Amino acid sequence: MELRVVDPKTLLDNPENPRISAPNVEADRRLAHNIKIVGLLQAPLVRELPDGQLMIVAGHRRRRACVLAKMREMHVIVTSADEKLDGLAAGSENIIREAMTQSEQWRFVDKARRDKSHTDAQIARALMVTPAYLKRLSLLAGLHDPILHAIDMGRGPDFNDLKVIAAAPVEEQRAAWAEMFKDMAEDNADPAQYRLNAEDPEDIVPWRDLARFLKQTRYMAVDARFDEAMAKACGVVWTEDLFGEGGKDNRFTEDGSAYAAAQERWLADCLPEGGVRMEVGDYGQAVSPDGYRRVANWMEAEETDVMGYFFNPNTLKIDEISLRPKEEEELEVATSPGSIAPANVAAPKERAAISGTGLTMLGLIRTQALHAALDAVVEDVDPWDLVAALLLALGGQNVSVHTAENAHYGQRDAALATLFPEGVLIRDPALLRQEAVAVLKNVANCTTSQHSGSGVTAQLMGLLFDADAQMPNMAFDDFLKCFSKPGIMEAGKALNLLPRNTGKEMRTAIMAHVGPEGRWVPEQAGFEPAIETWKAKLARMAWRLEAHKSPAGDDEEDGEVEHLLPTEEERTESELYDLNEAERIALETPDGGETPESGGAENDTADLKAALLEQASEVLTPDDTDPEAGAAIKAHLDSHLEVVRIAA
């Protein structure tokens, strides 16, 4: 054996590593933080290869954590044992190792507190747990030993029940435990010390009932629906509250189990005539029975209304809820085998692969990548590329050209002042490039905002200057959370990852596959998709042009451009926002823009147009005009003159 100090990044992975599952990224980060605080407690075991490189035998996770902790050096133990034992060492190191139980964790924390050697904050940082977790561990101090044993087995109560049980005196916990296991303890054995074993059923301990029994809550007789006979049959024993208000029934019991049994028995055997029993849902709420719906407070009472009765597991009271039988139409819709929802209810839209939050984040990242790409070419950008980029910038949704009277001072004006200080261009190529790129960076914006984003033109600019190469690694949790489950599964499939049960598992798998030093940019995140978006926009522009050129009522010409008509899904909000009234009419009425209201006056409009054409022809075509030129002028007027009738 030899102890060495090496750079963790130089260690080679063992191709025969028995642990082939994807690493837990969050657990690795916790270990990295722990190493930063307390150091590396156990050096990985490595073997020196013939070429001098070191390969890990056991300790891959420790190496990953040291890399995450940005450690440039770490200790390793170089083994000289038989190489055939490497696989056995790696396997046994993973299988035999066992994590501390919760009770062992608590004893460690309790000792550290008693020694006053560390504060709770220091303990939480060293263990990489939250203060809330330490608080939960502190509950274990007040538990009966067999209950601690059950928790260590992974068969303990949930947190709410644990709080109630831990708050009760240990003597009462012991007595309740003995009552539960008095028939299971062996001869002469103390049932209060019975410990669960692997053969016991999973639900052998009714933790909710145990918590209810130990809670010492008073259940009042005035809230009980059952009578004395039923109370006696279920073991309910009343105690009189001597300090209660006079003239009222102040009897109570602290035996929640007996009280609950009596209430449920009343619900099963003594339901009033016409009453409907309601079951308990997943979260302790009442569930409306089939064929009924709840009567809201604002609804007026009807003769068909009935009363629903529900046992509240939280208060042990019988609550009443008004119900109303559903109409036949509602029942038909609910039970129709061929439909899931009413016909007039639109089917839910399929969730997009990336959410709106993700698109907003993506817009900011793309903008940074585009600006970095522009910085990269500022010294030697091709002049014609620069001209093309400036033209693209002028076409951005966030750019408007103003007259001299209302121009806004900005980067564009600053650049002009630099290049034309005396009214004459300073012909310095480096200065020209610098100022042109500064203007582009000021204008080009890939965000999704309608008012500040440049839209598709900025993404085309990104393609022009290879901004894809500047995109960072997108395999980080905040961005991956923006994917829908189908979207994240498709992203994992593109990386040849095996399917996962949940989106969270696939996010973890993607981050582990790419690694902290890797780089992954999904297809949707790059600049390439802008090409299809741009082609679609050009098609819509062509359609609008043809729509304006086509004479009203010309069905043949409308048919030639009908394939260019965008669907409702293709028209984004920003595009509809930019349309003027004439364009909206053209998009909504492919017959040339004629509205239904204008159809009634078609003949009058045609006569008026003919008269206007005749007057214009006389002005524009003198007597000595060539006949063919005059005919061309008249045809041009005919195709461009439009008569619009405005209702008073």
Side-chain angles (χ1 to χ4, degrees), residues 11-34 56 58-69 87 90-91 93-99 102 128-130 132-133 154-155 158-159 202 282-283 340 347-366 468 471-526 528-529:
L11 297 179
L12 302 179
D13 288 336
N14 186 352
E16 303 298 329
N17 182 16
R19 188 184 289 275
I20 60 174
S21 58
N24 186 320
V25 179
E26 184 60 31
D28 285 354
R29 287 175 180 167
R30 290 176 58 188
L31 180 58
H33 285 295
N34 180 265
I56 301 173
H60 290 79
R61 180 167 176 251
R62 278 165 280 166
R63 188 277 308 274
R64 290 197 305 271
C66 288
V67 172
L68 286 174
E93 196 248 358
N94 283 283
I95 296 173
I96 297 176
R97 179 179 54 190
E98 186 175 2
Q102 286 195 38
M128 286 311 301
V129 297
T130 63
Y133 184 81
R155 296 171 62 174
D158 63 25
F159 184 55
E202 288 289 333
D282 294 337
Y283 302 100
I340 298 176
K349 293 184 178 180
E350 183 179 352
R351 185 182 170 192
I354 301 178
S355 68
T357 302
L359 293 177
T360 301
M361 186 186 306
L362 191 54
L364 294 172
I365 294 174
R366 280 174 173 166
D468 277 318
M471 289 289 286
N473 178 21
M474 305 294 290
F476 58 92
D477 200 46
D478 286 343
F479 177 70
L480 294 178
K481 282 181 179 178
C482 298
F483 278 80
S484 63
K485 183 177 180 181
I488 197 69
M489 293 301 175
E490 192 64 29
K493 183 179 179 181
L495 291 173
N496 298 319
L497 297 179
L498 295 176
R500 298 298 197 274
N501 293 325
T502 65
K504 182 177 181 181
E505 291 179 3
M506 182 57 81
R507 293 199 303 269
T508 302
I510 290 176
M511 289 188 290
H513 176 78
V514 176
E517 304 297 330
R519 179 176 176 272
W520 171 75
V521 179
E523 183 179 354
Q524 305 99 310
E528 193 71 25

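Atom set for the values below is all heavy atoms of this structure, side chains included, hydrogens, waters and symmetry mates excluded. Everything numeric in this text was worked out from a predicted model, so none of it was measured.
- The minimum heavy-atom distance between A69 and A32, with the atom names listed, is CB-O, 3.9 Å.
- By the 4.5 Å heavy-atom criterion applied to side chains, M474 and P522 are counted as neighbours.
- Note: M489 CE to F483 CZ = 12.5 Å, rounded to the nearest 0.5 Å.
- Using modelled atom types, no side-chain atom of R63 and backbone atom of I56 make a donor-acceptor pair closer than 3.5 Å.
- Proximity of a side-chain donor or acceptor of R519 to a complementary backbone N or O of E517 within less than 3.5 Å is not detected.
- Considering only heavy atoms from C-beta on, M506 stays 4.5 Å or farther from K485 through its side chain.
- Distance alone, capped at 3.5 Å, is enough to place a donor-acceptor pair between the E505 side chain and the N501 backbone.
- Rounding to the nearest 0.5 Å places CG of L31 at 4.5 Å from CZ of R61.
- In this structure, CG in D28 is found 11.0 Å from CE in M511, a value given to the nearest 0.5 Å.
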Q: Kindly determine whether E202 and R155 satisfy side-chain contact (heavy atoms from CB on, under 4.5 Å), including the steps that lead there.
A: CA-CA 7 Å; E202 288 289 333; R155 296 171 62 174; 3.9 Å; yes
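- The shortest side-chain heavy-atom distance between R64 and C66 does not fall under the 4.5 Å cut-off.
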Q.
The test is side-chain contact (heavy atoms from CB on, under 4.5 Å); show your working for D468 and V521 and say whether it passes.
A. CA-CA 9 Å; D468 277 318; V521 179; 5.6 Å; no
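- Of all heavy-atom pairs between N473 and G515, the closest is ND2-O, 3.9 Å.
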Q: Verify side-chain contact (heavy atoms from CB on, under 4.5 Å) between H60 and N14, making sure each step is shown before the conclusion.
A: CA-CA 8 Å; H60 290 79; N14 186 352; 3.7 Å; yes
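- Summarising the geometry, atom CH2 belonging to W520 is positioned 5.0 Å from atom CD1 belonging to I510; distances are rounded to the nearest 0.5 Å.
- Between F479 and F476, the two ring planes are tilted [angle within 30° to 60°].
- A donor-acceptor contact shorter than 3.5 Å is absent between the side chain of R507 and the backbone of I488.
- Rounded to the nearest 0.5 angstrom, L480 CG and I354 CD1 are separated by 9.5 Å.
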